[in-house]
Each structure stands twice: as structure tokens, then as C-alpha cells.
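For this chain, numbers begin at 1 and follow the sequence in order.
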Amino acid sequence: MTASAAKKKELDSLKEQIRHHNYQYHVLDDPEIPDVEYDRLMRQLQALEQEYPELVTDDSPTQRVGDVPISAFGTVQHQVPMLSLDNAFSPDELREFHRRVTQRLEIEGEGDWLAYAAEPKLDGAAVSLLYEDGTLRRGATRGDGTTGEDITHNVRTIDAVPLRLIGQGYPSILEVRGEVFMPKAGFEAYNQKARAAGEKTFVNPRNAAAGSLRQLDPKLTAARPLDMYVYSVGHIDGGNLPSTHSEVLEQLQEWGLKTCPERRVVEGVEGCLWFYEWIGAKRDALPYEIDGVVYKVNDLQQQRELGFVSRAPRWAIAHKFPAQEELTTVEGVEFQVGRTGAVTPVARLKPVFVGGVTVSNATLHNIDELHRKDVRVGDTVSIRRAGDVIPEVVGVIVSRRRKGARRVNLPKNCPVCGSTVTREADEAVARCSGGLYCSAQRAEALKHFVSRKAMDIEGLGAKLIEQLVANDRVKTPADIFGLTRDELAELERMGAKSAENVIRSIEASRSTTLERFLYALGIREVGEATATALASHFGKFQLIVNASETELLDVPDVGPVVASRIRAFFDEPHNRLVIDALQKSGVHWSETEPEKIQTTGPLYGKTFVLTGTLSGMTRDEARQKIQARGGKVTGSVSKKTNYVVYGEKAGSKLKKARDLHVDTLDEKQLVELLEN
Ligand code: 5U1
């Protein structure tokens with residue numbers, strides 16, 4: 001073999017391996033190797049390709065993101081039209097559809113055995129992918145169903161879209177269709193980042209997907225967290241497919257294309273309705289947004305018999321969920337004050353039924369967002385309520401704006417306590433400077449204090465706290481422990497029995513744990529995990545109160561910002577008074593010895609950061625082992641860090657380690673170091 005033939009062989013083998021791992025990771029959601037190993041393979045391939053540019057092929061895993069933006073989208077003619085779906089909005093409309101199907105197929109009786117393939121209807125953008133001899137040649141939008149736009153450069157950047165099919169037996173021409181979507185987590189994270197940076201947010205995951213695909217620069221698309229499920233086949237040539245829709249999808253999955261895992265074959269209308277209920281119950285927990293379900297006659301021969309009407313097949317229907325977006329009018333904009341003083345604009349709305357509930361308030365997030373969307377009192381706005389997410393104003397229907405619609409500005413003073421509202425230069429959030437003088441902040445702090453994961457005082461709900469704060473009966477958390485049954489019984493919506501129950505919960509909450517107590521204090525940036533880490537590191541409350549920022553940085557998960565917030569909290573005399581009062585009123589917990597910080601041992605003087613999931617031990621066990629040998633484990637990577645230990649799905653800390661040239665250890669290397 002010549003040298004270059006040997007290199008080509010090596011290159012092909014690397015590409016094959018990477019394709020296999022892409023499939024395991026993106027399609028089957030079952031990675032076989034850690035991310036770092038995948039990165040190594042990828043880097044090996046890149047290095048080889050750099051050395052032998054003549055061996056770079058279009059379907060190489062390194063060639064997802066092109067260098068050059070395109071100047072305009074070309075058009076694509078769909079050989080087989082991309083159809084749309086008829087909708088059913090009720091079980092009766094679904095029954096009507098089934099009746100039409102059975103009648104056309106000349107099925108006698110109810111046809112309640114007829115097989116339908118049922119799938120979620122994703123809220124994304126329909127896309128066609130064309131494979132020639134297994135290589136992705138073209139990606140296109142649906143357009144008007146006949147003519148779409150060429151978005152090949154962008155679909156190539158989506159990890160779930162294979163640049164080459166795997167396995168065998170695919171037709172020489174295989175065109176598949178499916179939905180490109182932005183998973184909920186990616187959508188929320190993108191919007192949060194955009195909001196904080198004062199940039200435009202996406203109105204919903206569908207726009208996010210469609211907008212991302214319509215970028216001229218593929219680098220922009222590559223930075224968006226897009227995914228794709230395929231759900232049908234368009235044009236094929238030079239090959240055969242199975243005879244039912246469900247088997248076709250299984251076959252596509254075997255060739256490396258990703259299909260929605262939440263799909264079932266069901267029988268008749270009752271089966272379809274079962275699926276609708278089943279997926280509806282799971283809807284909020286699904287990682288992607290759906291707006292209904294799709295039922296398709298499963299047998300492809302029957303599909304052909306049924307045919308089409310205008311642009312929609314007679315063999316499929318979308319059963320829609322109630323709308324998640326609706327129009328209504330803004331009756332006012334008020335500013336709410338949260339636990340940490342954040343002043344948030346909230347639109348008061350003419351009540352509207354959306355996403356299954358009546359909505360009369362919607363968040364506008366912050367004043368910049370309100371101004372960017374230019375929401376005015378009197379405007380007609382689109383409201384979105386998806387799952388258990390707080391309803392939000394998507395945008396204004398400017399064409400319906402009436403004369404005199406009133407603009408809204410950030411108040412100079414807190415609407416609750418009158419203290420000055422301030423805003424730091426680099427923050428989108430404005431805050432009331434009143435601290436615990438502000439009754440709104442007090443009420444929110446108290447609601448947090450009694451909440452389930454904090455002191456867990458059952459029965460002391462939001463309404464009750466608001467009453468107690470309004471009549472100045474409770475000013476600080478310590479006052480809760482002085483409440484009597486009789487005074488509670490006199491409050492609105494309380495009786496002797498409920499008052500008795502609340503008193504009993506207050507009583508029980510006196511005996512708590514150090515981590516719950518720390519969390520209950522509501523220190524900014526100290527969530528449950530940090531409270532637990534502080535408690536197990538220091539063991540004793542007073543040690544935390546007295547800890548310097550440097551000592552706090554020794555706690556895993558505590559970085560400089562968190563350390564300074566903790567220090568500032570305990571430096572505030574007012575907070576110390578409240579803590580004293582709480583302890584005097586009998587709030588107590590058991591304490592432990594602080595974790596031993598060794599001053600000797602083979603790892604003495606070395607600082608470690610742990611990231612990702614380890615397989616042979618938990619991160620906590622790894623921390624204990626390092627500490628037992630004199631090492632220190634901290635939560636954030638800096639130039640002073642000696643080692644970053646990474647497990648699977650390691651994230652930004654590993655990247656930071658590489659950026660700062662900090663040594664990294666995988667689990668095996670850590671074990672070796674511990675054994676030395
Ligand atoms: N899940 C799914 N969504 N969706 C959309 N299947 C599906 N099928 C479609 C469309 C437009 O059309 C086929 C019936 C061709």
C-alpha cells in the first residue's frame with residue numbers, strides 16, 4: 001500500500017468511527033464513549049485532513065459548518081409535493097376523519113382495528129433532506145409545498161442530520177422529510193442570554209427553528225441548538241422501503257436518521273385518543289415543544305388508495321392541543337418586587353383562555369424587554385403560555401394599536417415601599433434598594449423561608465404571609481415563631497382548625513437541618529446545592545458566618561461571586577439580628593465536625609476541580625479521596641487550579657481548563673494519582 005493509500009484508509013476508518021459515535025449520541029441518545037474521546041477522534045481527523053487536504057470529502061464529519069456565508073437562498077423544486085395536514089380540534093372531528101377513511105377503504109363496521117401510526121406534532125420547521133447514494137446532497141424548506149429554499153449549508157450544521165447514512169440497503173435517491181426544532185432547554189437558554197445582553201429574543205421555538213435555518217451564514221445556524229426528527233419519505237429511487245409507515249421510520253432510524261421516540265401504532269379512534277391523552281400528560285416533561293399529535297394510516301398501500309385532496313393527504317390528520325398563543329389587550333403594566341428586590345414589569349391583561357387556563361397577567365421580564373417589544377397600555381398583544389412556564393407577552397400587534405396607547409417607564413421609586421429603584425450598568429434587572437424595609441421583599445423572603453425545601457412550614461401559604469406582612473405582624477422570619485393560634489384564626493380564610501395546623505407545622509419546623517436553614521435564609525446565589533455543600537464542608541453554622549471569602553472558595557461549587565454574596569449577607573448587622581432571634585426562638589439543627597483539611601499528604605498544596613459524571617465513584621467520593629490525601633477541591637477553574645478532573649458530559653469547566661492550559665485528568669488518571 002502506498003503512503004497516501006494508507007492515510008486514506010486511516011481517514012476512512014476515523015470517519016466511520018465518528019459517524020458511528022454521532023449515531024449513538026445524537027440518534028440513539030446512547031453514547032458509547034466520553035465526549036473527550038470523541039473530541040480526540042475529531043481532532044485526529046482534522047489533523048489528517050489538514051495534512052492531506054486532497055482527501056477531504058464533503059461528507060466528512062469535519063465539514064459541517066462551511067466557512068463562507070451564502071449571498072442568497074437558491075430555490076428547490078420538490079419532486080413530490082411537501083404536504084400540509086388537515087386539523088382536528090376535537091374527538092368528534094377525529095371520529096369524522098376516521099369515518100371518511102373507513103368509508104373510502106370500504107371497511108365494514110367501525111374499523112376500530114385499523115392501525116394508525118401516532119406521533120407528536122412538533123412545533124418547528126418542516127425540512128426536506130435529499131441523500132444520493134447515502135450522502136447528504138441537499139436540504140430545503142417546505143416553502144409553498146412545491147418550491148422551497150435551498151438551506152443545505154444550514155442543515156449540515158445540525159448534529160442530528162447525518163452527512164452520510166450508515167448501514168446498508170438505502171435507495172440510491174432517498175428524500176426524507178421531518179421537523180427541525182429547537183429543544184425547550186436550548187430555547188430558554190438562548191432567550192435568557194439574549195435578554196441579559198439586551199438582544200432580540202425568539203417568540204417561540206417554531207420561530208427559533210425557522211429563523212435559525214434562514215441564516216445566510218452557517219456559523220450562526222451552527223451556534224443555535226437545533227435538532228431534527230424525520231417523519232416521512234418523499235422522493236425515492238433505486239431501492240425499496242417496508243410496507244408500513246412505522247416500519248419505514250424504524251428503517252430510517254437504522255440508516256442513521258433520527259426519529260421521534262414517542263411514537264406508537266394504535267388501533268382505531270379509541271387508540272388515537274389514548275395516545276392523545278398519553279402524550280398530553282407527558283407534554284410538559286418532553287424536551288421539545290409540541291402542538292398536537294399526528295395520526296397516519298399505517299399501511300402504505302391503504303395510504304395510496306386514500307390519496308390526497310388539494311395539499312393534504314386523506315390518510316393523515318393533526319389533532320391539535322388547545323392554542324398556546326392568544327390575543328388579548330393590555331389593561332395596565334405594574335411593577336412587581338421580588339425577594340431580591342428585582343423590579344419586574346407585569347402586564348395586567350383582559351383575561352384570555354390560553355394553553356388550557358385563563359391568564360390575566362403576563363411577565364415582561366425586565367424594562368429593556370418591555371421597551372424592545374414596545375408594549376403600551378391599551379395594546380393588543382399576543383400571549384403565550386407553554387406548559388408550566390409563566391405566561392409571557394410575545395409581541396404587540398402594532399397594526400391594531402389605538403391612539404393614546406400609553407408608554408411605560410421604569411419607576412424611579414419602588415411601587416411598594418418608595419425606596420429608590422437602582423440599576424447596575426451591566427444588569428438588565430432593576431432593583432428596589434429598600435432591602436427588608438420593603439414589605440414586598442419581606443413577603444417574598446418569608447415565602448421562601450417557609451417553602452418546602454427550606455423550613456417546610458406547611459399551611460403558611462402566600463396569601464397568609466401577605467396578610468401577616470400587610471398588618472405588620474410579621475416583619476422578619478423570626479416573628480413567625482411568635483405567632484399564636486388565636487391571632488392566626490382571626491385572619492381571612494382561616495379557622496381554628498387551620499390555625500392549629502399551621503402552629504403545629506411551625507412547631508415542627510424548629511428542628512431542622514443546617515442545609516435547610518442556610519437555604520431558608522435566602523442568601524443571593526445560595527440555592528439548595530450550595531447550601532448542602534456549605535453545610536457538609538463547614539459542619540457548624542458559626543464557621544460559615546465567620547468564614548472569609550478565601551475560606552468560602554474552598555467549598556466545591558462556591559465561586560467568587562457566591563463567596564462575596566455569602567460574606568456580604570453575614571456582614572449585614574440586620575441579618576445577624578434575625579439569625580440570633582431565630583436561634584433564640586428555638587430554631588436548631590445538629591452540627592458536625594468540619595471536613596478535615598489536611599495539611600500533609602501527597603496531594604497537599606494541589607487544587608482540583610471536578611466536572612462531569614464519573615463512572616466508578618461519585619464526585620463527592622472523589623472529593624473525599626482527594627481531601628484525604630491533602631488536596632483541595634474547589635468549584636471554579638482559575639490559573640491557580642492544578643488539575644481539572646473530568647467525567648462524562650463535562651461542560652464549560654473543562655473548556656476553561658483547556659483555555660487556561662490547566663492540566664486535565666480523566667477518571668483513570670485520577671485513580672492512578674490517588675493510588676500513587
Ligand atoms: N409528526 C409529524 N408531523 N408531521 C407534519 N408527521 C407529520 N407528517 C406531515 C407533516 C406535515 O406530513 C405527512 C403527512 C406527509
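- Residue C414 comes nearest to C438 through the heavy atom pair SG-SG, 3.9 Å, listed as atom of the first residue, atom of the second, then distance.
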Is there a side chain to side chain contact (heavy atoms under 4.5 Å, CB included) between S128 and H78? Walk through the geometry before answering. CA-CA 9 Å; S128 141; H78 298 298; 4.2 Å; yes

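- The only option from V76, V180, V127 that meets the side chain to side chain contact (heavy atoms under 4.5 Å, CB included) definition with I151 turns out to be V127.
- Between H448 and Y519, a ring centre-to-centre spacing shorter than 6.0 Å is recorded.
- Salt bridge R401/D374: present, at least one basic N to carboxylate O contact under 4.0 Å.
- Environment of NZ in K475: sparse, with no more than 12 heavy atoms of neighbouring residues, nucleotides or ligands closer than 6.0 Å.
- No donor-acceptor distance shorter than 3.5 angstrom exists from the side chain of R264 to the backbone of F275, with no hydrogens or angles considered.
- Here the side chains of L468 and L491 are in contact, with some heavy-atom distance below 4.5 Å.
- In terms of heavy-atom proximity, L464 sits nearest to G459 at CD2-O, 3.6 Å.
- Within a 6.0 Å radius of CZ in R104, no more than 12 heavy atoms belonging to other residues, nucleotides or ligands are found.
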Exercise for review: Would you please test R224 and S212 for side chain to side chain donor-acceptor pair (under 3.5 Å) and show each step?
Suggested key: CA-CA 7 Å; R224 309 274 169 90; S212 302; 3.1 Å; yes

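- Checked by atom type and distance alone, the side chain of N298 never pairs as donor or acceptor with a backbone atom of A117 at under 3.5 Å.
- Two residues are said to be in side-chain contact when any heavy atoms from C-beta on lie closer than 4.5 Å; Q192 and E188 fail this criterion.
- E96 CD: more than 12 foreign heavy atoms inside a 6.0 Å radius.
- Side-chain atoms of R314 come within 3.5 Å of backbone N or O of L306 as a donor-acceptor pair.
- Crowding of Y437 atom OH: a count of heavy atoms from other residues, nucleotides or ligands under 6.0 Å not exceeding 12.
- Judged purely by distance below 3.5 Å, without hydrogens or angles, the side chains of T221 and Q215 never pair a donor atom with an acceptor atom.
- Using bins of under 30°, 30° to 60° and over 60° for the plane-to-plane angle, the ring pair Y116/F97 lands in the tilted bin.
- At distances below 3.5 Å, at least one donor-acceptor pair connects side-chain atoms of R516 with backbone N or O atoms of R452.
- Ionic pairing of E149 and R214 is present here: one or more N-O contacts between side-chain nitrogen and carboxylate oxygen are shorter than 4.0 angstrom.
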- side chain to side chain contact (heavy atoms under 4.5 Å, CB included) assessment of T201 paired with H365: CA-CA 11 Å; T201 52; H365 297 288; over 6 Å; no

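- Residues E270 and D112 have side chains not in contact (no heavy-atom distance under 4.5 Å, counting atoms from C-beta outward).
- For the side chain to side chain contact (heavy atoms under 4.5 Å, CB included) with F335, the lone residue among L410, V421, V416, V346 that qualifies is L410.
- F181 has its ring centre less than 6.0 Å from the ring centre of Y229.
- With a 4.5 Å cut-off on side-chain heavy atoms, R493 and Q467 do not count as touching.
- Other residues, nucleotides and ligands contribute over 12 non-hydrogen atoms within 6.0 Å of the CZ atom of R348.
- Heavy atoms only, all atoms of each residue included: R339 and Q441 are closest at O-OE1, 3.8 Å.
- Using a distance-only test at 3.5 Å, with no hydrogens or angles considered, no donor-acceptor pair links the side chain of D379 to the main chain of V375.
- A salt bridge links E119 to K296: one of the charged nitrogens lies within less than 4.0 Å of a carboxylate oxygen.
- Distance check, rounded to the nearest 0.5 Å: CD1 of I383 to CG of L327 gives 9.0 Å.
- Counting heavy atoms from C-beta on, the side chains of R473 and L483 come closer than 4.5 Å.
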Intermediate values then yes/no, side chain to side chain contact (heavy atoms under 4.5 Å, CB included), L94 and Y295: CA-CA 10 Å; L94 174 65; Y295 313 117; 3.4 Å; yes

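- Looking only at side-chain heavy atoms (C-beta outward), L521 and V526 stay at 4.5 Å or farther from each other.
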TODO: Dump the intermediate steps for side chain to side chain contact (heavy atoms under 4.5 Å, CB included) on L257 and T259, then the final yes or no.
DONE: CA-CA 7 Å; L257 294 151; T259 60; 5.6 Å; no

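- With hydrogens and angles disregarded, a donor-acceptor distance shorter than 3.5 Å links the side chain of N413 to the backbone of G418.
- In this structure, CE on M228 lies 14.5 Å from NE2 on H26, to the nearest 0.5 angstrom.
- No side-chain N or O of E289 forms a donor-acceptor pair with one of N204 less than 3.5 Å apart.
- The backbone N or O of S505 lies less than 3.5 Å from no partner atom in the side chain of E458, so there is not a single donor-acceptor pair.
- M494 is listed as a side-chain neighbour of V502, based on a closest heavy-atom distance under 4.5 Å.
- Within the 3.5 Å criterion, the main-chain N or O of E199 finds no donor-acceptor partner in the side chain of K193.
- No salt bridge links D291 with R206; every basic N to acidic carboxylate O contact stays at or beyond 4.0 Å.
- The aromatic rings of H153 and F73 lie tilted to each other, with the angle between the two planes from 30° to 60°.
- Within 6.0 Å of the CZ atom in R406, the count of heavy atoms belonging to other residues, nucleotides or ligands does not exceed 12.
- At a threshold of 4.0 Å, the pair K497-E500 does not count as salt-bridged, since none of the basic side-chain nitrogens sits closer than that to a carboxylate oxygen.
- Between M455 and A520, the shortest heavy-atom contact is CG-CB, 3.7 Å.
- Between the side chain of R423 and the main chain of E427, a donor-acceptor pair closer than 3.5 Å is present.
- The closest side-chain heavy-atom distance from V354 to P391 is not below 4.5 Å.
- Closest non-hydrogen pair, A209 versus L226, comes out as CA-CD2, 4.0 Å.
- Using a 4.0 Å cut-off between charged nitrogen and carboxylate oxygen, E179 and K121 do not count as a salt-bridge pair.
- The side-chain contact (heavy atoms from CB on, under 4.5 Å) search around E262 returns P120, C260, W278, I279, K282, L286, Y288, not counting sequence neighbours.
- Listed for the K373 side chain is a donor-acceptor partner under 3.5 Å among the backbone atoms of V393.
- Between D472 and R442 there is a salt bridge, since at least one side-chain N of the basic residue sits less than 4.0 Å from a carboxylate O of the acidic one.
- Closest approach of K258 to A160, counting heavy atoms only: CD-CB, 3.8 Å.
- The neighbour count for K200 NZ, taken as heavy atoms of other residues, nucleotides or ligands under 6.0 Å away, does not exceed 12.
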